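The structure appears right after this line, and notes come after that.
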Amino acid sequence: MSMAPTLLSVEDLTKSYGGVHAVRGVSFELHAGEILALIGPNGAGKSTCFNVLNGQIIPDSGRVKLLGEDTTGKKPRVIWRMGVGRTFQIAATFPTMTVRENVQVALVSHGGQLFNLWASTARHARDEAGRLLDLVGMGAYAERPCGELAYGDVKRLELAIALANQPKLLLMDEPTAGMAPRERVELMRLTARIAREQSIGVLFTEHDMDVVFEHADRILVLNRGTLIAEGSPEEVRGNAQVRAIYLGEGLLYDARHREGASA
Amino acid sequence: MAFYIVQFLTGLASAASLFLVASGLSIIFGVTRIVNFAHGAFYMLGAYVAFTLTERFSGAFGFWGGIVVAALAVAAIGVLVEMVLLRRIYHSPELFQLLATFGLTLMVEDLVVLIWGPDDLVGRRAPGFKGAIDFFGQNIPSYDLFLIVLGPVVLGVLWLLFQRTRWGVLVRAATQDRDMVAALGVNQKWLFTSVFALGVFLAALGGALQIPRDAVNHAMDLRVIVEVFVVVVIGGLGSIIGAFVAAVLVSELNAFGILIFPKISIILVFLVMAVVLIVRPWGLFGKPEAPARRTPGLTVNPWRPLTMNERLAAIAVLVVAAALPFVAGNYVLTVGSEIAIFVIFAVSLHFLMSVGGLASFGHAAYFGLGAYGVALLAKMAGLPMIACLLLGPLLGLLGAAVFGFFAVQLSGVYFAMLTLAFAQIVWSIAFQWVSVTGGDNGILGVWPEKWAASPSHFYWLSLGIAALAVVILRIIVFSPFGFALRATRDSPLRSEAVGINGKRIQWTAFVIAGTVAGLAGALFAYLKGSVFPDNMGISLSVDALVMVLLGGVETVSGAVVGAIVYKALNIWLVSQTDWSKLVLGGFVVLIVVAFPKGIVGTLEAFLHRRRKSSSAASPVLTSRIETAE
């Protein structure tokens, strides 16, 4: 893993609202093909961190670099053009379009055709859109209106949209929130597979510890705006401070696995 | 110096009424999220009812009692309106609410003329405030001083009402989160009704208090609503303090603007509004609005281009339409040309409104600019007709480029109010800049050249251009740009996250729509042989909105059908009745309440259902979800 190039490097990020430090001095790195989870209790600063990375919030200080290029303070659409795809906590798609058209819009944008007033969008990158939909298992739904999809399928469609610009980095804000347990596992397996195959770095926040410990290569733990632990799932699980914060969830996780082992 | 002070005091006095109306609008919006277009109508009703009462009952008691009773009576009418109409549309999209309350305004305008007659009515002076006070040689009406004191007093009373009463606490809570208030067991229905009553009371009081200053007339509703929209855009919707500060600001700008630009004083207000919008898009004291609602239960069928058969059918219809001159007389052909022109106008608004999600309430501005462009080119530069038709719409393009840049910074109701205010500004420039535009007399003698002069030739010209405009806009709808525009409408968050510069896309769409509207206006100038300020008036803007709505907002072809049906109905109606606004207003309200999908939308839904029941092979339809953004 250390052989892979550094994709994202975050240096000494700080952001405060009034007197409250939402994020204080956070630094970390993410390598190509690595799946990194950002966890922490409510109010730990996950969302702030995330929104700084994708350009929705400008930090007070600190820097974000993507493949060596500074993205701090750039607009989300500019960051997307630099190769960052993202999904939202509540899936954001285009409900009045078909599934395929949803992906085609992203492809049109990626192809620099946004101000093309004449061509037919239906024919634009049709196969490419189909390929992306097949990749996330949505090929059969291509002509369905997006507004009629079940939520789990909307999430998979969103992943296809996020992959349309062949991103180097994928930012996923609570990717499995609002999904049924089985759908959660499927979506994360799918994400992990795509990330490994295409060597995409993935950074995700998540509340479901099962998902985190099963899929993350590395885990960052935030508490009250500062990074308190960082390491492999095993290291983080064994960390006393993390246990103290995550008492309930951590114990549950261990207990379940012990049951599973003895059964 | 004394002169400037007097001018300042006059401005303050005007601010009082404006503040009353604007605060009423703001309070209603805060709780119900409805921008009550009919607020100007209630203001006007207040003035008329107060006029009748103060004429009937003499003495100080009769006058002041009459004013208060008038405001209470109009508030009672407001309660009725809220219970009968608004309760049905609280969950509709903003556009429908604006339209319904606009329909109400149209009805009230005709009703007022029916009851009180079309002439201006001059009310009597206020007992105790009849004279003027001498101020270093300048006269200040003592009634103005009364108004200057009244404004802050009302502000104080409202503040006490909202801070110190249980009802006020509920209203403030509902303004922040009405669902939570409902969940806490508060009877929302009556809260909404009482808030609406208070808002209408304030508007009517504002109107009633104007009678010693101004003549009462049946156009005062639109004049005040435009000013009020400017006030709430500057002050921020939902903020009473904002309404007060902005009312003073706007009134003072008007008072001093007259000294600086005597002809076009409104320019100053516009400049200030533009600056505020750039610095604080939600107004000085406002908060960013929540994302716009989508129509509940409106299943959106994904748009698709016409199939080959449908294309052939469309061509067949066009051929039939083109054969009209062989069977119809000149009058019918002139009506046909007018309908074709309005098809162009309607599809241009449809492009902005349905594809772009930007409901412009001032689209007539660009229609009128195109018309004036042609008239000025033809009369002043003496250019040939083809050149005028090509260059005239560029004035619409220019206007759309300037105003559109500011307008697309906003969305939803703010966008609607701002476009309306812009249109009103363009209208007043046309009205006041007499040396160029001829003012109220317009520009006459803009006749087509010989090759297009006969009704049949002009009809073919209009029909051809209309067909071309429809085809081009349809191509754009299904082009990558059209998809980007719809993407921005559907989800600003997602479209930004896939690299789409939404504002730029919307601005471009605004310019395209404005140019096409300008083309319609250019043809219209030749059809009528003249242009008038009314070619950019509010009623024309609303005509366009109704055409799109009638055809079906969420359809691709709705605007064409809506324009044909509406314009034909309208021309027939005007020839049949003197009370066309009454009928039209009722019609608008009816569509919004009973028929929100429009003609084409209803048809599509019907066909969709039939297709679905015939192909029972796919029963897998999962439950629909609200996709958030």
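Just so it is clear, the structure is predicted and the values come from calculations on it, not from any experiment. Every chain is numbered from 1 and lettered A, B, ... according to where its sequence line falls, protein lines coming before strand lines.
In the displayed structure, Leu390(B) atom CG is contacted under 6.0 Å by more than 12 heavy atoms of other residues, nucleotides or ligands. Enclosure of atom CD in Glu197(A) by more than 12 non-hydrogen atoms of other residues, nucleotides or ligands within 6.0 angstrom is indicated. For CZ of Phe115(A), the number of neighbouring non-hydrogen atoms (other residues, nucleotides, ligands) closer than 6.0 Å is greater than 12. Remark: Phe285(B) CZ is packed, more than 12 non-hydrogen atoms of other residues, nucleotides or ligands lying under 6.0 Å away. Other residues, nucleotides and ligands contribute at most 12 non-hydrogen atoms within 6.0 Å of the CZ atom of Arg504(B). More than 12 heavy-atom neighbours from other residues, nucleotides or ligands sit within 6.0 angstrom of NZ on Lys74(A).
With a threshold of 4.5 angstrom between heavy atoms, Arg304(B) does not approach chain A through any atom at all. For Leu485(B), no part sits under 4.5 Å from any heavy atom of chain A, backbone or side chain. Contact of Phe478(B) with chain A is made through the backbone alone, with heavy-atom distances under 4.5 Å.
Contacts from residues 98-114 of chain A to chain B, taken as heavy-atom pairs separated by less than 4.5 Å, involve Thr98(A), Glu101(A), Val105(A), Ala106(A), Val108(A), Ser109(A), Gln113(A), Leu114(A) in sequence order.
In this structure, the side chain of Arg77(A) does not engage the main chain of Val498(B) through any donor-acceptor pair within 3.5 Å.
Listed options Glu143(A), Arg86(A), His124(A) were ranked by heavy-atom pairs under 4.5 angstrom with chain B; first place goes to Arg86(A).
A donor atom on one side chain and an acceptor atom on the other are not found under 3.5 Å apart for Asn116(A) and Ser479(B).
Across all non-hydrogen atoms, the minimal contact from Ser491(B) to Ala92(A) is OG-CB, 3.9 Å. The two residues Pro76(A) and Glu496(B) make their nearest non-hydrogen contact at CD-OE2, 3.4 Å.
A salt bridge links Glu158(A) with Arg494(B): at least one charged nitrogen is closer than 4.0 Å to a carboxylate oxygen.
With contacts defined as side-chain heavy-atom distances shorter than 4.5 Å, the pair Pro480(B)/Trp118(A) does not qualify. Annotation: side chain of Leu117(A) is in contact with side chain of Ile512(B) (closest heavy-atom distance under 4.5 Å).
The OG1 atom of Thr96(A) sits 7.0 Å away from atom CH2 of Trp303(B), with the distance rounded to the nearest 0.5 Å.
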